[in-house]
Amino acid sequence: MMRNRPDGNQNKRLITTVLVVTIFLGFLYVYYDSTFGSQNQGSSNLGYGSRLRKLGSSYLGGDEDSDGSKQDESSTKFGQEDGEDDIIPKSFPVCDDRLSELIPCLDRNLIYQMRLKLDLSLMEHYERHCPNPERRYNCLIPPPPGYKIPIKWPASRDEVWKANIPHTHLAHEKSDQNWMVVKGEKIAFPGGGTHFHYGADKYIASLANMLNFTNNNLNNEGRLRTVLDVGCGVASFGAYLLSSNIIAMSLAPNDVHQNQIQFALERGIPAYLGVLGTKRLPYPSRSFELAHCSRCRIDWLQRDGILLLELDRLLRPGGYFAYSSPEAYAQDEEDLRIWREMSALVERMCWKIAAKRNQTVIWVKPLTNDCYMERAPGTQPPLCRSDDDPDAVWGVNMEACITPYSDHDHNAKGSELAPWPTRLTSAPPRLADFGYSSEMCEAFSIYPRTYDLLHAWTMFSDIEKKGCSAEDLLLEMDRILRPTGFIIVRDKQSVIDFIKKYLLALHWEPVATADSGSDSDLDGDEVVFVIQKKIWLTSENLRGAE
C-alpha cells in the first residue's frame, strides 16, 4: 500500500528541519575543532563532526529514554539468525559523570549500602565486594572532563595529564617525599618515595649493592625478573625497575591514598588495587623472585604472621624479601620489640638474612624443603596440609602455614627458570605442577581507562557456556580500556556478529577482520576481529571542557 503523500507545508517543515540540524551539527564541528583541535596530545583526536552524526544522541550523553538494562532475550545469545548483513544495533545508557572512576567491586558507597559486617582490623573493607545483578549500573563509564589521550611511555613515567586524574591531594600530603608535583596542566613524578626521597633509581642500586650483584644491577644478569611491590604508593619503585629489565607488580589498597594506583596505571606501570587482608593475592605460588615493602605500614606479626606467610607462598625458591622500615635498624623500644619478634618468626620460616644496612634488611628464602623437615615437632608456623592447593587463589582465604616445595623444585634446588630474556621462550619446568580452575565473571579491581589493548580468545564463547552475561563483559571491557585503545577478539563468527550489534552503543569502531580463508592459523569458523575504542565526552563534560 502506498504511503500518503505529504502536502507542501509538510515538505517545507521537513526541509527546514533538515537544514537547521545540518547547520547545528556543522557549527558543533567547527566550534569543537577550533576549541580542542589546537590542544596538544590527543585533544585533536576527539573526533567530532561526522562521528558525532554517526553515533547520534548517545555521543552526547545517551538517550534519556533508553534502558540498557532491559535487553531482549535474543541480545544475550550468539547464534542469531539476523545474518551478517542485518546487524541490529543495540544500545547502552551513559553513566552519570560522577561515576567516571567507578570500580564496581570496590565501590565504597555500595559496601555501606549493603551494610556488610566487615572486620576493619583485617582490612576486609578494602577487599572485593561485588554487587548483585540488580545493583549493577549497566551503563558506559564516561571519561572525566577535559580527558586527553595519555602521554606515551617512556615519557609517561615522569608526567601525566592532570585532567585525566584530577586529584592533587597526594602532591600536598607527600610534598616532602617527592611522590608527585603539580606543574600546570601536568602532574610530574620525581621518582621519590617515603623511604627514598632522593630517587628510586639510587635506592634500587643500593639494594643490588647489598646483594653484591654485578654492576649494582638488581636483575642479577637476568636471574631476578619478577617483583611484587607491596604498599607501593604511586609505584615509582616499579617504574624505575623497568630500566633494569625487571617487571614489578605494584600493589596498594584503595585507602586514604585512594588514587595512588590510578596514577601508577596512568603512568604505564603494572599495578592493581589489592590488599593483604583475609584473601590470598591473585597469583599462583612461587610467582616472584623478590617481594618489597618500603614503609608499607603492614603489621607483619598479626595473626601468627599470616601476611608474611602469604609472601612466602608467592616467593620462588631462593627468593628475596626486601624490607625497609624503622624496625630494621631498631632505634627505640617498640622498634626493638617488633624486630625481635619478626626475626624469630622468619627464622622459624627458614628465612636467612642475606644483607642488612641502615634501615633495610633483605631476607632470602631456602632453596629446598630440608630446613622445614629439620624443624622441631610443633614448631610454628606449621607446614600447610597436603590437600591445600597453593595455586588456588581467587577468593581463597589465606592460611597461616608454610607452603613446601614440590618434589621437582626440592630435588632441583630451585625453580630451574632460565635467566631473562631466554626465559621468554623457554617453557617453565613447573608447568607440570599446575592445575586450572574456572574464573568468575566479575568486574576486575582496576580503575576505568587503564589498558591500551585487550585480547579475548574464545572468552565470549566460554561466558555463554557458563550462563553469564556477554553484555556485562562488553561493558567491563569498555570500562577498563582507554579511549583509542584496541580490542582483539578471536572467536566464532556468531560471536563476532553479536559484538557488531553493540559497536555504535559502545563507541567502538571496526578496524580489521580475518577468517580461516585469509589466515591459515585460524580453525573452522574462527574469526579475528580488531576493534578500536573512540574517545567521547558527555554533554556535561563538553560544558566542563569549555
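Hydrogens, waters and symmetry mates are skipped; everything else that's a heavy atom, side chains included, is used.
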Undergrad: Do we get Lys500 above Phe529's six-membered ring, with its NZ or CZ under 6.0 Å from the centre and within 45° of the axis?
TA: yes
Undergrad: List in chain and number order the residues that pass salt bridge (Lys or Arg N to Asp or Glu O under 4.0 Å) with Glu159, two or more places apart in sequence or in another chain; answer none if no residue qualifies.
TA: Lys186
Undergrad: Check the surroundings of atom CE in Met459: do more than 12 heavy atoms from other residues, nucleotides or ligands lie under 6.0 Å from it?
TA: no
Undergrad: What closest approach, in Å, do Leu308 and Leu345 show between heavy atoms, and which atom pair accounts for it?
TA: CD2-CD2, 3.8 Å
Undergrad: Please determine whether a side-chain nitrogen of the Lys or Arg among Arg280 and Asp388 lies less than 4.0 Å from a carboxylate oxygen of the Asp or Glu.
TA: yes
Undergrad: Can you find a pair of side-chain heavy atoms, one from Met477 and one from Ile487, that are under 4.5 Å apart?
TA: yes
Undergrad: Does a salt bridge link Lys90 with Glu471, judged by any charged N lying under 4.0 Å from a carboxylate O?
TA: no
Undergrad: Decide whether Asn397 and Thr278 meet the rule of one side-chain donor and one side-chain acceptor closer than 3.5 Å.
TA: no
Undergrad: Check the side chains of Arg267 and Ser236 for a donor-acceptor pair under 3.5 angstrom, ignoring hydrogens and angles.
TA: yes
Undergrad: Any idea which heavy atoms bring Glu124 and His129 closest together, and the distance?
TA: O-NE2, 2.9 Å
Undergrad: Do Arg157's NZ or CZ and the ring of Tyr240 fall within the cation-pi criteria of under 6.0 Å and 45°?
TA: yes
Undergrad: Side chain of Thr513, backbone of Val528: donor and acceptor closer than 3.5 Å?
TA: yes
Undergrad: Taking atom types as modelled and ignoring hydrogens, do the side chains of Arg128 and Ser445 form a donor-acceptor contact shorter than 3.5 angstrom?
TA: yes
Undergrad: Please enumerate all residues that pass salt bridge (Lys or Arg N to Asp or Glu O under 4.0 Å) together with Asp304, with sequence neighbours excluded.
TA: none
Undergrad: When the aromatic ring centroids of His292 and Tyr203 are compared, is their separation below 6.0 Å?
TA: yes
Undergrad: Would the Trp351 and Tyr320 ring centres measure less than 6.0 Å apart?
TA: no
Undergrad: So, Asn109 versus Gln113: side-chain donor-acceptor pair below 3.5 Å or not?
TA: no
Undergrad: Mark yes when over 12 heavy atoms from residues, nucleotides or ligands other than Trp457 sit less than 6.0 Å from its CH2; otherwise mark no.
TA: no
Undergrad: Would you say that Val275 contacts Glu127 through its side chain, given a criterion of any heavy-atom pair below 4.5 Å between the two side chains?
TA: yes
Undergrad: On a heavy-atom basis, which atom in Leu307 and which in Arg303 lie closest, and how many Å separate them?
TA: CD2-NH2, 3.7 Å
Undergrad: Can Arg423 and Glu289 be counted as an ion pair, charged N to O under 4.0 angstrom?
TA: yes
Undergrad: Do we get Lys148 above Trp161's six-membered ring, with its NZ or CZ under 6.0 Å from the centre and within 45° of the axis?
TA: yes
Undergrad: Suppose we screen for side-chain contact (heavy atoms from CB on, under 4.5 Å). Which residues come up paired with Glu101, at least two apart in sequence or across chains?
TA: Pro166, His167, Asn259, Gln262, Arg449
Undergrad: The test is disulfide bond (SG atoms under 2.5 Å apart); show your working for Cys105 and Cys130 and say whether it passes.
TA: CA-CA 4 Å; Cys105 293; Cys130 296; 2.0 Å; yes
Undergrad: Using 30° and 60° as the class boundaries, would you call the ring planes of Tyr283 and Tyr272 parallel, tilted or perpendicular?
TA: perpendicular
Undergrad: Would you tell me whether Cys296 and Cys232 have their SG atoms within less than 2.5 Å of each other?
TA: no
Undergrad: Is the Tyr502-Phe92 ring centre distance short of 6.0 angstrom?
TA: yes
